Structures are given as C-alpha cells and as structure tokens.
Amino acid sequence: MQALPAPGIRTLAHGDAGALLAFELANRAWFERHVEARDPAFYSPDGVARHIAHYLDGHAAGTWHPCVLLDGEGRIVGRANLKDIDRIKGSAEVGYRIAHDQTGKGLATFALQHLIGLARSIWQLSELRAKVTLANQGSAAVLHKCGFVHAGDLTRLATADKARVDGAVYLLDLTPA
C-alpha cells in the first residue's frame, strides 16, 4: 500500500478563497459544535474574500499569521493562526480548526507545532495562549501534548452548539530554559 503524501502548511493567500469557502461550508456544523459560529455573511465568495483580505492585512501589519493546512492532494483540511500578535509583550494567541473527516490524524498537533515554530523564529515571541471550550477535550489534549499548561478557567467563553459555554485558557512559555 502506497503511503499518502504528508500534509503541508503555508500562509493563507488571496487565491485560497474558493477552496476555503468549500472547507468552511463542509465543516460548518462540526465547527459550530465547538467554537463560536461565524457571521452568516462569511459563507459566500465575497464574505470569504473579505475575511482573507482582513487576515492578510493583519499579517502585513504584524498582528496575524494566518495559515492553511493542505492534504497531499492540495485540499484545505485545516486552518491555524497566530492572532493578536503583540511584539512588545512578546505574546500571541493560537487558534486552529481541522476538518471533521481529518480529526484524529495528528493534524492539529502538526498545525500547533508549526505555529510554535513561527512564534519563535519569525515573531520572536515569549508566550503563546489558547482558549478552548471545556467540551473541546480533543483540543485541550493537543495543547497539553505541545507543552501548554492550564492557566485558568473562563466563564461564558463562547456560544457553541447554540449555548453559552465555559472554557479555559492555556499558556506556553517560549523563553529558553
């Protein structure tokens, strides 16, 4: 049996609009079970194009580093972002979402390790943080696997699955030991 090509990850690009819309539409219900729902206006070619332009403007300004995960065929199967990058404080927040049919394959860990590498090498950050809903134990496990530690609980973090849910914040210290 021939092995599948390894997944890849790269910075989001304007040309990703069609593929990104397909990814988001195919996984919308799955994501909304775990994270805050996007505005319905997002789910259109214009909505996704505006979203990409906003993220790339943030990338140019040094406040975002948006990425897409690709399977061996070049299909978008996930997203991973550094957001709220603050070079003065040396911190940023991480976020990622993986296609429902791709969960359990190590892609979230792959994405998070990539973000940690970007935070260290490109942005020279000293701390990363992540927020997850308490029900999203898979994401919490990925954070632990990559060295994040639970730093506190968050009341009413988000609306997921049509209900307000609590969450937790996790931190990763990037300063050399």
Side-chain angles (χ1 to χ4, degrees), residues 3-13 16 20 23-24 27 30-36 38 55-56 58-59 61-72 75-161 165-177:
L4 293 173
I9 189 167
R10 64 167 170 73
T11 302
L12 180 69
D16 292 326
L20 185 58
F23 164 78
E24 293 285 352
N27 293 284
W30 166 249
F31 293 147
E32 290 178 2
R33 286 180 45 204
H34 301 286
V35 296
E36 192 87 30
R38 295 189 185 281
Y55 276 36
L56 293 179
H59 186 246
T63 58
W64 277 86
H65 198 128
C67 299
V68 289
L69 281 84
L70 308 167
D71 66 9
R75 180 178 67 107
I76 293 176
V77 293
R79 300 192 58 189
N81 302 305
L82 288 175
K83 67 179 189 172
D84 299 329
I85 297 170
D86 185 329
R87 307 259 329 249
I88 303 298
K89 293 181 180 176
S91 67
E93 185 172 333
V94 298
Y96 46 88
R97 54 177 59 200
I98 305 300
H100 187 216
D101 68 348
Q102 298 296 308
T103 59
K105 298 180 179 181
L107 290 177
T109 300
F110 172 72
L112 188 53
Q113 289 170 339
H114 181 77
L115 294 177
I116 292 167
L118 291 174
R120 283 187 169 126
S121 65
I122 302 229
W123 300 101
Q124 288 93 42
L125 301 178
S126 57
E127 180 182 79
L128 292 177
R129 68 188 171 285
K131 297 174 187 170
V132 297
T133 61
L134 294 180
N136 193 348
Q137 291 303 302
S139 193
V142 169
L143 291 166
H144 282 291
K145 183 177 183 178
C146 291
F148 282 73
V149 296
H150 180 268
D153 295 323
L154 300 169
T155 304
R156 300 174 58 83
L157 171 65
T159 300
D161 209 14
V165 295
D166 294 338
V169 63
Y170 291 82
L171 298 176
L172 176 66
D173 184 352
L174 298 172
T175 56

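Worth saying up front: this structure is predicted, and the values here are computed from it rather than measured.
- One finds the CD1 atom of I85 at 11.5 Å from the NZ atom of K83 (value rounded to the nearest 0.5 Å).
- Shown here for S126 and K89, the closest heavy-atom pair between the two residues is OG-O, 3.8 Å.
- Between the CG atom in L143 and the CD atom in Q137 there is a gap of 10.5 Å [rounded to 0.5 Å].
- Among pairs with a residue in residues 83-106, those fulfilling ring-ring contact (aromatic ring centres under 6.0 Å, His included) read W30-H100, at least two apart in sequence or across chains.
- With I116 as the partner, the side-chain contact (heavy atoms from CB on, under 4.5 Å) test is satisfied by one option alone out of L172, L82, L125: L172.
- Residues meeting the side-chain contact (heavy atoms from CB on, under 4.5 Å) test with H150, sequence neighbours left out: D153, A168, Y170.
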#### Entry: Worked verdict on L112 versus V94 for side chain to side chain contact (heavy atoms under 4.5 Å, CB included)
CA-CA 8 Å; L112 188 53; V94 298; 3.9 Å; yes

### Task
Test D16 against R79 for salt bridge (charged side-chain N to carboxylate O under 4.0 Å, His left out), laying out the working first.
CA-CA 12 Å; D16 292 326; R79 300 192 58 189; over 6 Å; no

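- Separation of atoms CZ (F31) and CD1 (I98) is listed at 7.5 Å; rounding is to 0.5 Å.
- Between the CZ atom of R97 and the CG atom of L107 there is a distance of 15.0 Å, given to the nearest 0.5 Å.
- One distance of note links CG of L118 with CD of Q124; it measures 11.0 Å at 0.5 Å rounding.
- A pairwise comparison of heavy atoms in L56 and P66 identifies CD2-CG, 4.2 Å as the closest pair.
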### Message
Could you walk me through whether Q102 and R75 satisfy the side chain to side chain contact (heavy atoms under 4.5 Å, CB included) test, starting with their C-alpha distance in whole Å, then the side-chain angles of each, then the deciding distance to 0.1 Å, before giving a yes or no?
### Response
CA-CA 12 Å; Q102 298 296 308; R75 180 178 67 107; 3.3 Å; yes

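- Donor-acceptor pairing under 3.5 Å is recorded for the side chains of T11 and H65.
- Interatomic distance, L115 CG to N81 CG, rounded to the nearest 0.5 Å: 7.5 Å.
- Across F110 and P7, no two heavy atoms sit closer than the pair CZ-O, 3.7 Å.
- No side-chain heavy atom of C67 sits less than 4.5 Å from a side-chain heavy atom of L12.
- Scanning for side-chain contact (heavy atoms from CB on, under 4.5 Å) contacts around L171 gives E127, R129, A151, with sequence neighbours left out.
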### Task
Please test I9 against L70 for side chain to side chain contact (heavy atoms under 4.5 Å, CB included), starting from the C-alpha separation and ending with a verdict.
CA-CA 6 Å; I9 189 167; L70 308 167; over 6 Å; no

